[in-house]
Amino acid sequence: DGGITQSPKYLFRKEGQNVTLSCEQNLNHDAMYWYRQDPGQGLRLIYYSQIVNDFQKGDIAEGYSVSREKKESFPLTVTSAQKNPTAFYLCASALKSSYEQYFGPGTRLTVT
Amino acid sequence: GESVGLHLPTLSVQEGDNSIINCAYSNSASDYFIWYKQESGKGPQFIIDIRSNMDKRQGQRVTVLLNKTVKHLSLQIAATQPGDSAVYFCAETKTGANNLFFGTGTRLTVIP
């Protein structure tokens, strides 16, 4: 099956720990994106990548880091510098020539 | 009726009625728009898109209307079903931009 997967679905961490969220796609999409969604809110862009080994900050990149070593994978690390990390994290991908983004199922991160 | 929730506008409709979800977009230069549907705990799913050279586009049971004069987008769902209950987001972008910009969303509740 073609698609975009995120793991795990639920993640719990203690404050002060870094945590990495996985995002994998087998759609052969060039672009990948990470969004954060808080309850009752829209999607806010954290980072995006248009091509392997290149990525750009979105609107709320502080406290996050990413890598794009492979076309299929775009992991997001939530660092201890992120002041309010508890949220629902969504990964998306798209063809380079398209704005239609395909979303993964999301990872709900809870930090206590 | 329509009311403002904690952060999210809400719309409640009877099963079988038509639904109209509205979105005011922010950038007059935006020329491409997408509607997404997000069910609880899941990632958003593409519903329909429209380019700024069109005023109306129809899909299966859905119609999107674009009024560029007042920067307004609407999604009409015909014969609303319980499975349509979800949060609906509009997203905008302009040709050449690297990303979509998402609205806050509207929660649609279908009453059986």
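Here the structure is a predicted model, which is why all the values come from computation and not from measurement. Naming convention: chains lettered A, B, ... in sequence-line order (proteins, then strands); numbering from 1 in each chain.
- Within the 4.5 angstrom heavy-atom criterion, only side-chain atoms of Gln37(A), from C-beta onward, approach chain B.
- With a 4.5 Å cut-off on side-chain heavy atoms, Glu92(B) and Lys71(B) do not count as touching.
- Considering only heavy-atom pairs separated by less than 4.5 Å from chain A, the leading option among Asn99(B), Thr93(B), Thr95(B) is Asn99(B).
- Residue Ile34(B) touches chain A through its side chain alone, counting heavy-atom pairs closer than 4.5 Å.
- At most 12 non-hydrogen atoms from other residues, nucleotides or ligands lie less than 6.0 angstrom from NZ of Lys14(A).
- No path of Ile, Leu, Val, Met, Phe, Trp and Tyr side chains, each step under 4.5 Å between heavy atoms, connects Leu43(A) with Val66(A), placing them in separate hydrophobic clusters.
- Of the atoms belonging to Leu45(A), it is side-chain heavy atoms, and not backbone ones, that fall under 4.5 Å from chain B.
- For Gln101(A), the parts sitting under 4.5 Å from any heavy atom of chain B are the backbone and the side chain alike.
- In this pair, Tyr36(B) and Phe102(B) present their aromatic rings tilted. The plane angle is within the 30 to 60° band.
- Contacts between Tyr33(A) and chain B at a heavy-atom distance below 4.5 Å involve the side chain alone, from C-beta outward.
- Around the NZ atom of Lys94(B), the shell of radius 6.0 Å holds no more than 12 heavy atoms that belong to other residues, nucleotides or ligands.
- Residue Gln45(B) does not touch chain A at all, counting heavy-atom pairs closer than 4.5 Å.
- In this structure, Arg108(A) satisfies the cation-pi test against Phe88(A), with its NZ or CZ atom closer than 6.0 Å to the six-membered ring centre and inside 45 degrees of the ring normal.
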